[in-house]
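Below is one structure, written out as structure tokens; the observations come after it.
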Amino acid sequence: MSTSNFQLDTNEPLDASDMRIGIVVAEWNKQITDKLLEGALSELQKYGAKEQSINVMHVPGSFELIYGCAEMARSGLVDAIIAIGCIIKGETPHFDYICQGVTQELAKQNSAGRVPVIYGVLTVNTLEQAESRCGGKYGNKGCEYALSAIKMINFARELKN
Ligand code: DLZ
């Protein structure tokens with residue numbers, strides 16, 4: 001699966017066969033988040049990640065990604081976490097509060113430095129914009145999230161070596 005407008009370098013050799021990846025997926029806008037998850041899983045498999053080393057857990061909405069990712073990081077069972085959600089603008093300011101809350105809290109988890117958290121949250125104005133990013137004209141962003149997770153695990157490992 002590829003993503004059009006792909007911005008990541010895929011020339012470096014990447015091997016995810018010994019990587020433990022956690023994926024936290026929001027159920028809100030499930031028709032979108034399921035496809036992003038599919039994209040992420042297929043990309044992880046492409047780089048050799050083992051099925052038993054990928055831990056997928058669901059939370060109700062994107063706001064719960066904060067707790068889900070924090071707990072997954074605390075478990076010590078994963079080397080990186082991909083947070084997958086889709087927030088679609090509605091009629092009220094709710095959209096802004098959820099987007100800001102999730103973004104800031106996931107950013108804080110990254111700076112806490114326990115494990116890298118990949119921001120796989122689509123923040124869009126319409127369902128169509130979301131569809132075009134989970135297998136439509138802009139490809140499947142889930143692939144980018146997976147590749148980012150692999151690259152960040154390598155980053156952490158390089159620092160330790
Ligand atoms: C309530 C809500 C609304 C209106 N919209 C979305 C959305 O577009 N995407 C999403 O992931 N979640 C949404 N939610 C649910 C909140 O994230 C959260 O689950 C609830 O406010 C309960 O904490």
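As the structure lists them, so they are numbered: ligands from 1, and atoms in each ligand from 1. Count residues from 1 along the sequence. These numbers come from a predicted model, not from an experiment.
Each of the atoms 1 (C), 2 (C), 3 (C), 4 (C) of ligand 1 lies under 4.0 Å from some heavy atom of His94. Close approach of ligand 1 to Asn29 is summarised as follows: ligand atoms under 4.0 Å from at least one heavy atom of the residue are 7 (C), 8 (O), 9 (N). Taking a cut-off of under 4.0 Å to the non-hydrogen atoms of Phe63, the atoms of ligand 1 that pass are 17 (O), 18 (C). Within ligand 1, the atoms closer than 4.0 Å to a non-hydrogen atom of Ile98 are 2 (C), 13 (C), 14 (N), 16 (C), 17 (O), numbered from 1 in the order shown.
Nearest to atom 11 (O) of ligand 1 among the protein's heavy atoms is Ser62 OG, 2.7 Å. For atom 23 (O) of ligand 1, the closest non-hydrogen atom of the protein is Glu64 OE2, 2.5 Å.
Within the structure, the closest approach of Cys86 to ligand 1 falls below 4.0 Å when heavy atoms are considered.
Classification of Lys30 and Glu27 as a salt-bridged pair fails, no side-chain N sitting under 4.0 Å from a carboxylate O. Looking at Lys35 and Glu131, no side-chain N of the basic residue comes within less than 4.0 Å of a carboxylate O on the acidic one, giving no salt bridge. With respect to the salt-bridge test (charged N to carboxylate O, under 4.0 angstrom), the residues Asp79 and Arg157 qualify. Here Glu43 pairs with Lys46 in a salt bridge; the nearest charged N to carboxylate O distance falls below 4.0 Å.
Here CD1 of Ile21 is found 6.0 Å from CD1 of Ile82. Values are rounded to the nearest 0.5 Å.
The shortest N or O to N or O distance between Ile88 and ligand 1 is below 3.5 Å.
The closest donor-acceptor contact from the side chain of Lys50 to the backbone of Ser17 lies under 3.5 Å. Judged purely by atom type and a 3.5 angstrom limit, Thr103 has no side-chain atom pairing as donor or acceptor with the backbone of Gln100.
Scanning Tyr67, Trp28, Tyr97 for the heavy atom closest to atom 7 (C) of ligand 1 points to Trp28.
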